[in-house]
Every structure is written in structure tokens, then in C-alpha cells.
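Below, read A as the first sequence line, B as the second, and so on, with proteins coming before strands; counting in each chain starts at 1. This is a predicted model, so every value here is computed, not measured. Below, each value reflects all heavy atoms present in this structure, side chains not excepted, and no hydrogens, waters or symmetry copies.
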Amino acid sequence: MEYRFSEIEERVKNFWKEKNIYRVGNAESGKPKFYVLDMFPYPSGAGLHVGHPLGYIASDIYARFKRMKGFNVLHPMGMDSFGLPAEQYAIQTGQHPVITTEQNIATFKRQMDQLGFSFDWTREVRTSDPKFYKWTQWIFIQLFQSWYNNSTNKAEKIDSLISEFEKNGNKNISAATDQSEIFSADGWKSFSAKQKSDVLLNYRLAYIADSWVNWCPALGTVLANDEVKDGVSERGGYLVERKLMKQWSLRITAYADRLLQGLNDLEWSDSIKEAQRNWIGKSEGASVKFKIAEAHSTLLRRGAGGEEEKNSDEEKSPGYLSGDTTIASHLLKFAKENRRNPTEAEEFLWEEIRNRKLVDKFRRQHLIEKFVVDFVCLEKRLIVELDGAHHKSNKEYDEARTKILSELGYKVLRFWNEDVLKKTKKILDIISAELRLRDSVLTLNPSPKERETDADDLISINISIEVFTTRPDTIFGVTFLTLAPEHELISHITTDAQRKAVEEYVTYAKNRSERERMTDVKKITGVFTGAYAVHPFSGKQIPVWIGEYVLASYGTGAVMGVPGHDSRDYGFAKHFNLEIIEVVSGGDISKEAFEEEGVNVNSSFLDGLKTADAKKKSIDEIEKLGIGKRKINFKQRDAIFGRQRYWGEPIPIYYNEEGIPNTVDEKDLPVLLPEVDKYLPTENGEPPLARASNWKYKGKYNFEQTTMPGWAGSSWYFLRYEDPNNEKDFVSKDAINYWQNIDFYIGGAEHSTGHLLYFRFWTKFLFDLGLIPFDEPAKRLVNQGMIQGVSQKICKWGAAFVKGPDEDLGEKMAITNGIYYKHGDTLLLCQMKNQSHIFYSADMIALFPNIFKINATPGEVLFAKANNIIPPEKILTPSNIPVEFINDESGLEFKKFIDWYKVFNKLNANIDGHDKKFLLDYENTVFACEGGYWKYQNGEFAFEKLAGGSSVFKNFSIVEKMSKSKYNVVNPEDMVSKYGADCFRMYEMFLGPIEMSKPWDTKGIDGVSRFLRKLWKLFYDDNGNWSVTSEAATTEELKILHKAIKKTEDDMEKLSFNTSVSSFMICVNTLTELKCHKAEVLKDLLLILSPFAPFTTEFLWREMKQEGSIVAAAFPKVREDLLVENSFEYPVAVNGKTKTKITFPLDKEILEIEKEILATDAIQKILDGKQPKKVIVIKGRMINVVV
RNA sequence: ACCGGGAUGGUGGAACUGGUAGACACGCAGGACUUAAAAUCCUGUCGCCCGAAACGGCGGUGCGGGUUCGAUUCCCGCUUCCGGUACCA
């Protein structure tokens, strides 16, 4: 027969199905196990594109190879089926995400099966399947019920912590915790249930806390730091704002050190390991407090009515302080000193509140910024103040105070003491009503404005600034301190003289976008606060500055400036002319900062010490003075775990009558996603699950309303494949003991700091609880490169012409920073990479007077900062258009494109991203082309000519990530129907090393297609007749075969699939030349090819009447004896340049070779009578004659 | 800016631990078969030079140095591209 791949694929598929060939058993197979896993895909609506299969093909080849090598191979596939796109689609269409997801999965599976992957679909897992997420929820419960014991360095059950509390309080506990104050066993026992719960939350690995998050109002959800790019959401580009919310978080920081250490033993790529190390970002050093000189300490007004109660929250739990934490302790002490007896009214109202006549939690005598207020509900930002008679005389002060608190976002209710006692119910009603009105989710207000102070009411407080440093040894080199512009103490220490400058600078820094900071890194900015700090050892006064190079989010938001030994401090000091002192010798600090280690000088008691010793000594001294301590800082922060979304796993938590979070009973799992009317957040900003009616636990308790993030299911899914249908356990002991962890994991490098960290974290946690026998999920990890698409772009709003006077400037800028094409001598520039500058020609400016609103002389080049002249949305942007409208000869088929464009427009009003704008206003869009513009006029697009231009449209292409929104997706189905699955598989492998990214290009696929037909011809002659013979093979033929076997086997472990494909080609080419149709050779050839081309080889295997399926056959053994050569053709070089080749037996003595070589004519001729200095002979390699 | 990985013919790429640079393909050119096309097959294909040819000469793996008998491979200094991180004190 002829090579008809579609028929072959059909028949082979049926055969495999009949035989259930890919079913994988467990230990009963008696074989050693091998676990090969792909990162499972999110089943998007676009289906698979040619980039997806790259990793799947590689892992499939590897899995098939391992199977042939006698392993019981687990090679499953599943779906990461919770995610935002399905939810977005549901929001737009009202269709339940279950339905969309189901449809998408069906497409994905069909496409995968076409490619002949050896997945055992009976082991499929889907993260959105309740049978699966039941166990995701179960693991969450385990996290909630655990704490991290630093003494044993592992997670333990929370019960062990509670029993320790009962015995000794928390003084002996060393834990990963937010709990900072100590309590005794009696203290613990005296706590209320709510208090106990709050304390335990500070220890649990899954905990709830108020935290600042990135809130995206448009998506109605919280985004992780790595999902926010340049202040907008990565997906969709919506604005993101900082907001304070109650959030479920996972205490991954407890594992920071182990996640770091564990990397050393993994067979992962260096780049991924390095990325994880940097992400965790461990640095060792010290924290040091610098006192602000007395004269600059702020004078603070004492709080009105500020009574301090012994058992107030502040004392027990500083974690709840909402005041300025640095001055808090001083203020609290002050409040105590000025204690007065609580008024009857206060006592009374407190009792009323405590008896839970009000739902929300109130705190008493709480510190807010600089005031102690009587009662406050932090969640709703409601303050209740009670005034006695003496306050009546102080009206102005109260008003000022109320004003400041309102600016902070608080509502202040003020009542007379007498009224509280007489009209209790009414007052409680007012408070309740106010509480109901206030949103529990609050936006941060701008920093409080300073208020006028009244000298009579001032007190003086000592302020100190805490810094973190990795070089405490350079402490004598400190000549200034720098604070982040956001630093909370700035307003307290700034002198009046500097206040204006500081305010201006802080405003400037706040308005600086990420992008601006990115583009001018070298720019040094800062301002002096006017205040001085005192050096703890020398007593010298050192200025305190503010600089945007200091980040508020890392360390303490303040650094000690050591310009001699830190390059950023050096730049800052040079720029502002600050003192630079050398304290470590070895460099030349007049030129640059010396950051290496050396010997201390000018450093008092550290003089003469080497850096390492100086570090130690300096920290010892710092600790002695009580102004700081040894400290390890991590960049990594705890992972926020709650999402304000519908399409995710519900968090298995409910709240009891007292508002205490409890876990749902295991027997009640899974907590199913409730039905809702809409998939949007509620009008009050509550998550979508709040829409569910009658969704109560045990009929009365409220469930947690946020859901888990996308990475929850993927953090443990690999375990479930081992035992996918177990209803009693997340995975059985038997299965886990047999299959263990992943031997070979493959996926994209973009998950290096997300999924790959969380998945290691969960594995370590499950290991700590003794649930699994290993603490790393994947032994070997390979990252496949991205297959990029070639997108076609056109320019809207026309393009810019760059002409003289400085041709170079135009061309160079365009080539390195933007996308361009040339039109004669004119460079047509479409977009600058950083978008900060765009060239426009005067012609263009003249053409669009309404856009540019400036005058220009024809021929002039305008070098314009885009946002100065044109509103940002009018900036010229290239836009992607579907590849199918591009004709190789004539460029864009404009009419066709426009027809599509109009229709598409109407259908896709809700498309994400910046293309949305492009698609929505085609009537206002102008398309640039060679020599003119297409403009929309009178209901049609018409061409408007510039002088001498043609109307041929010029598109241009660019290589970028394949994605639906870029219209550059190549569907594997098209490739499969055109060339066959085997050809597609082999071609993707032949493209190059799998780790490398490359653009998709079908140019070379014909070569692979020819190869398969050549292979076929070894089996069938030109007339389609079977031509395989049973003759014995010659040694030559066997040699060729075994060379290929050896090469394939070696390449397999290196995953060098591109070179194995070429060795198959060599083998088939040679066998064709030799006219070899011998079964003895062809049988083994099919075997080594079968991992790559499973359909064709299985078919021919059956035709050869071989036993069983080729999938289950053994990989052929290499006959090394055939590969041993007894002679070698030596390249002979003179001075390293190859001149000739001579063959010698391999066992010939080196000395003899030397002799003979020198005697040959060729060498004699080159030597030309000269004596060789030296002859180098390396057996089986080469010969070099040195003259 | 830092971290990681690259840069080899017209193109994708190959070259084991320092040992014949350009395997295997694509494309291109010429030829065979064919009425023709497709398909297939054969020949050539890093550049320059000499020549009828050569198993001739010279140069050549981003650039500049170095180590070595010998460097695509190792070292130093750059340029540039891709990916990651975001001034981490």
C-alpha cells in the first residue's frame, strides 16, 4: 500500500483502544516504576496551539522509551480547569463555567489524542472536579490545623501547640509566627475563645489576617504581586489599587530556608534554581536603630480622653495596632501615665458592646495614628468618642481631631457621657446603623496631613529609625540615613524649613510610575528632611535623607548610607555632596564604592579586623547596646490564598456565632461551589459567593466567601494521578509508596517562581505530617522553550516618517527600540519599545491637525515626548491582525480584512487588552500603508494618497508569544491533517533542542515528511507491494543499524531529540542506498523509531506480523561488538591546521605512528626539510605536527 | 541595574570531557524522468583566491585580547539578543 497516514492513524488508534494499551497498573506489574509528568494545561477556549505539544511530545517520547526499557511508566494528563478566563466568559455570557470548561476539555483531549500521546486517561485529574477539590480542601484544613515548629524544623499539628500553651504559655515556643508578645499558661487560660482563636491564627500555616493587597475593581479580585504589571492587571490591563482586606494566607515563609536548601539536590536547570533563590532572597545581616537627635523629635499632642486600660488590646497584641508603630509604645506609656478612672459612661458602653449587642468588633482605648480614641471598629473604620463636661470647653481641638481622623477614612461619632447612660438603646442603634452603612473593605487614604499644634498640649517623644543592613561591619562608614518616600516617620521628623521640599518630593515620588523608574534607573533623586540622627558609636550627627532608591516594602524601608562601600549610597552621596568615609581598605573610594571584603580602618574597635570578623564583632556590640540584633531577611512574603472569585475551590471554613473561623468537618467535604445568579462580585464588593442564597453550613453558619487561587490544585495534583479514584484518602499509602515522586517533569519556565515554589512547599508540608515519604515533588525538571508565533501587524493612526536632518538618529532608534519599515529613504516608524518617544513627520502632523494640535514646517522632524503632545490613547500603536489576511505577494488583503473587522468588532466588544480599543472604534481608525492612509469616510474605507505614494498596504511581521489575542495561533490539527501526526511529532522535535525558544516555522517540515515516506519505501516498493525479506543482514547493515540504536539511546537521556531524528535520517538514507529490505534490520529500526512515530511504526509492526503492540516491546540491545572499529582515519594537522588524513590500526603504537607520519610524502612536502619540534599523537583522535 | 541562557552558512540547527567546524534538514542552483506540472531521483551549495581538476592556498563559529601543540568549547574585557527579577540595603 501507499503511505496514507490518516488511514494508518485511524487503524492504529482503534487497535490501541481495543487493547487498552496505555492502561497503567501499580506495583503488581512487578516492574520498577518511572513517573513522567507534563505540567497540565489550562483548557482555554482557543484549544491547543503548536506550542503546547512541544513538551508533551518530548515527555511522550521519553515515557515510551522508558517503557521499552522495562519500566512501569506513569505518564498521565489532566486539566488545570479552574481559572479566570472561564469565569470572565461566564460573566459576559451568563453560561456556567462548568459548561465552558467541559467543552474546552473535550477539545483539548481530542487534539491530544490525535497526536498519539500515551496518556492513561483513566487517571485523568481535573482541579475543578469536586472529587478532586475535596482533597485540595482537605489539605487546606491540614494547613489550618498545623503550625511550624522552628525547633524541630517541621510543621506539627496545632494540638501540640495548644497543649504547650496550657502548660507553659508560649515562652518556650520557637515558631514561624506573627505573635510577638509572650503570655503565660494562666494568661492563655484566661483568654476568651475569640482571643484564643486570634492567637492561634498567628501560628497556623493557613491563617487570616488583614493585609495590603492589590485590588482590581474591574476584575473584582485580588491579584498576586506577580500578576500586576506596571500598576495594572497582567490579564486585561485593568487598574489595580492598594487596599486593606482580610485575607487568607499561607505561611510559606516558614519554609523559606528549606525551599532554599532543597534546591541543592535537585536535577533542575540552573536558571530555575537561581530564579527561586533570588525569589526567596535570603540575606543575613543586622537590624540597627538610629536615634533621632532630640531637637528633631516631634512634639505630639496627647489624645483627648485617652485612658489606658490595663487589659486593653494594645498591650496584649501589638499586631492589632493601627497607629504609628514606632511611636506607639511611647504614646501608650504616655497614655498610662495620664490615666484617669474610666467614666461610668465608658464602662457602660463597653459592657454593652462586649455583650455583643453590636456585631462588629470594637477595640477600646485604641491608638489611631497619633491619637488614642475611646472606641474603634477597625474593620469599618468607625470611631466612637465619649465626651465629658470638660470637653465642652475644647471644641476647636475636638473638631481638628475629628477632621484628621476623617481624612484617614474614619467616621467619628461623638456622644455625651450623660446620653450614653440615659439613651443607651438609641445610641446603640445609631452605632449599628452607621456600621451597616460602612463598607468593610476600605481604600487607603493619603497620608495624614499635619495639623497645627498647640504648645500647651505637646509632649516630646524619642523617635528612632530602624535600618536593615547586610554589612554591619561598615557601621563607622555611615554618613547619612535614607528613608523610602513612603516611610511613616517622615512627617514626624521633617523640620519646618524642609517641610515644603519634602512634601514636594514625596508627591513627586508617589507619582512616579514603575515605567518611569525603569527607564531612568541612573537618575538620582532625594531630599533632606532637615533632621539628624545620632550615630550609636561615634555620637556624630548624621543627616536623614529621603530617596526613591530605597524601597518601602523591603527590610525596614530605611537604609544606613555607607557611601564608601555601597554603590547606590555612593551615587547618592556624590550627587548630594555628602561625606564619604573609607572604613574597609582595599579599594579606591575616590573613584567608586568598594563593595568587596577587606580589612577595617577608621572604625574604632573594628580596626584591623577582616570583614567576616568585623561583622560578628559589630553585631555583638550592637546587641550589647540594645539597639539592634542579628537578623535574616527574606524577600519572599507569605502567599495570599483567598481570591474574590467564583471559579475556584471554596475555602472549607465557616464562622461560628462569635465570628471565629472553623474548619468544615472532614465528613462534610467537599464544600461544593454554590449556584449564583451572576458571577460578579456583589455591589458592596463582596465576592461572588456572597450571592449564593441559603448557603449555610449546618444550616446556620456562614461559609468563607473567597475561593482558592489558581495554584491551589496544581500544588498537589501530581499525587492524585497515583491514585485518582480514591474516595477515602487523597492518595493511598500503597500507591504513594510505589510511585513516589516525579522522576521527570516538564513544563514552561514561566512557572519558575509561582507553581514550582508552591508545589515544593505543599510537598514539604505533606512530608512533615508524615503523609508522603518524600519532601521534593520532582527529581528532574526540564523547561521546554516557547514556540513563538509570527504575528502580522499594521499601524493604526498612521505611522511616523523620520527624515533627515539626522538620519542616523532615526534609523538607530527605530532599529533598536521599535518596529519599523523603510519606504524609500524614509523610515516609517511604528512603535518605540519604551513608548517614551515617538517620531512624527510634519506631513503627518499636517494630515491630522485634530490629533496633534501643533504647527510644523513640512520636512521638519519632530522628536516628541509622546504624552506631552498627544493624549495617550491616541498614541500610534501597531495592532495584530489575523495571519490569514496576509497574502505573500500583495501584503494585506485590505477589503477582506475590513469586512472581517467590522463583523468581529460587533461580536467582540468585550475583548481584553489594548486591542479592545483598536477594535471598537474602526470608524475613527486610520490605517497606514505605503504612501498613504486608509480612512473611514461615508460608510467605507477609502484611500487617501500622500505625495507619490502607492496604495499597496504594507504589513510587517514580528515574532512573539503565540496567543489568541494576537491572532497568530497555529493549530496543530491543521498540521496533522496535512502531514500526519507522526510527521508533526518528529518535526517539532527536529526543530532544535527542546529548551530553546523558537518561532514556529513550517519551512522544514517537508524534510521530515520525505523521511517518513523513505522509511515506508523500505517496506513497500514503488508499486505498493510488501518488499520485506527474511534474508540475513550483512555486517555493514547491522553496523548502520546499531550505530543508530546507540545514538538514540544516548540522546534519550540527554533529551537531544533533534539529533536522534537526524540519526534516523542517516540510517534510513544509508539503508535505502544499500537497498536493504531485511526484516532483521527493519524490525529494530521500527523499535527505535516508535517513541517518535508511534502510528507508522505500530502499523508496520503489525504488518510484519510481530507479537503484540510495539508499545509494549523491548528496546533493542546495542551490539557493541559491531561498533568497535579496529582502525581510525587520523586527521593530520601541522601547527593545528588539518592537512591530510591517514588511516592507522587503532592498536598501533604511538611511536610507530609518529615515525610513519613523518615519513609520508604529504608531511615531508609541508615540512620542506625543516625539523618538526614535536609530534603529538592522541590515540583514536588526531595527530598534530608542531614545526 | 542584577541574575540566567544565547550569538555558528541564505535558514533551522550539529560538533562527546579542548582534537577533522558546518552533521541532518530546509532553501537555492543545475540536471534526470514527464507533453507539462507535482512527486521522485542525481549533482552542487561557508566565503575569497588559483586552477582543467585536486584529497590546492587563505580566511572563517558576535567583537578585542589571553592560555594551549591545538579553542565554537577554557579565561579576561566588550557588543547584542532572549527570558526572569525589579533599585533587596
Side-chain angles (χ1 to χ4, degrees), chain A residues 225-226 229-230 269-279 281-283 285 467-471 474 481-482 484 514 517-518 520-524 547-551 553-562 565-569 571-572 595 633-635 748-750 752-753 783 785-786 788 816 959 987 990-993 995-999 1001-1008 1010-1011 1013-1014 1017 1022 1050 1054 1056 1058-1067 1069 1072 1129-1141 1162 1172-1176 1178 1180-1187:
Chain A
N225 273 331
D226 42 322
K229 293 260 150 75
D230 305 333
S269 75
D270 288 341
S271 58
I272 293 277
K273 287 199 208 175
E274 206 46 39
Q276 294 211 346
R277 284 192 192 106
N278 292 340
W279 186 265
K282 181 178 183 172
S283 55
V467 302
F468 172 72
T469 177
T470 54
R471 292 293 299 271
T474 62
L481 300 183
T482 316
E514 293 272 318
R517 288 188 180 201
M518 228 164 13
D520 41 41
V521 192
K522 294 259 151 100
K523 193 170 162 188
I524 295 167
E548 62 175 331
Y549 78 98
V550 179
L551 300 180
S553 63
Y554 180 77
T556 59
V559 300
M560 57 183 216
V562 187
H565 306 282
D566 179 281
S567 57
R568 283 173 318 238
D569 295 342
F572 197 77
E595 294 183 313
N633 248 13
F634 290 97
K635 266 200 283 183
E750 66 272 21
S752 55
T753 48
N783 297 114
M786 213 188 292
Q788 291 140 324
T816 55
V959 171
Y987 181 59
F990 190 53
L991 230 38
E995 304 93 332
M996 225 184 253
S997 289
K998 54 230 145 190
D1001 183 359
T1002 52
K1003 253 197 265 168
I1005 199 165
D1006 287 334
V1008 177
R1010 271 172 215 155
F1011 161 77
R1013 281 195 297 265
K1014 267 189 205 167
K1017 291 227 164 120
D1022 289 343
D1050 292 348
K1054 289 187 295 180
S1056 179
N1058 55 330
T1059 53
S1060 4
V1061 174
S1062 78
S1063 75
F1064 296 146
M1065 288 174 169
I1066 294 170
C1067 180
N1069 287 346
T1072 307
E1129 190 184 42
Y1130 285 89
V1132 184
V1134 176
N1135 287 341
K1137 289 277 169 203
T1138 311
K1139 296 292 175 185
T1140 183
K1141 286 172 196 171
K1173 266 194 207 144
K1174 205 173 171 189
V1175 179
I1176 295 156
I1178 295 162
R1181 283 281 191 206
M1182 46 75 65
I1183 297 161
N1184 192 14
V1185 181
V1186 187
V1187 183

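Under the Watson-Crick or G-U wobble criterion, with both distances below 3.5 Å, B:rA53 is left unpaired in every strand shown. Pair check for B:rG4 finds B:rC82; Watson-Crick or G-U wobble, both atom distances under 3.5 Å. Pairing partner, B:rA21: none, since no Watson-Crick or wobble contact has both distances short of 3.5 Å. Both distances falling under 3.5 Å, in either a Watson-Crick or a G-U wobble arrangement, occur for no nucleotide opposite B:rA38. Summarising the base pairing, B:rU73 is matched to no nucleotide, lacking a Watson-Crick or G-U wobble pair whose two defining distances lie under 3.5 Å. With both pairing distances under 3.5 Å, B:rC28 is matched to B:rG44 as a Watson-Crick or G-U wobble pair.
Scanning for salt bridge (charged side-chain N to carboxylate O under 4.0 Å, His left out) contacts around A:D1050 gives A:K1046, with sequence neighbours left out.
Between A:Q276 atom CD and B:rG4 atom P there is a gap of 16 Å when expressed in whole angstrom units. For the pair A:Y987 OH and B:rG13 C1', the interatomic distance rounds to 11 Å; values are reported in whole Å.
Heavy atoms of A:I1176 sit under 4.0 angstrom from at least one base atom. As judged by a 4.0 angstrom heavy-atom cut-off over every strand, A:R277 is placed among residues making no nucleic acid contact.
Using bins of under 30°, 30° to 60° and over 60° for the plane-to-plane angle, the ring pair A:Y549/A:F572 lands in the tilted bin.
Atom P of B:rA14 sits at a distance of 25 Å from the matching atom of B:rC41, rounded to the whole Å. The C1' atoms of B:rA15 and B:rC46 are separated by 16 Å, rounded to the nearest whole Å.
If you check the side chains of A:S1063 and A:S1060, you find no donor sitting under 3.5 Å from an acceptor.
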Under 3.5 Å, which protein N or O atoms sit close to an N or O of nucleotides 23-32 of chain B? Give each pair with its distance.
| from | atom 1 | to | atom 2 | distance (Å) |
| --- | --- | --- | --- | --- |
| B:rA25 | OP1 | A:N1069 | ND2 | 2.4 |
| B:rC26 | OP1 | A:R1010 | NH1 | 2.3 |
| B:rC26 | O2' | A:K1003 | O | 3.0 |

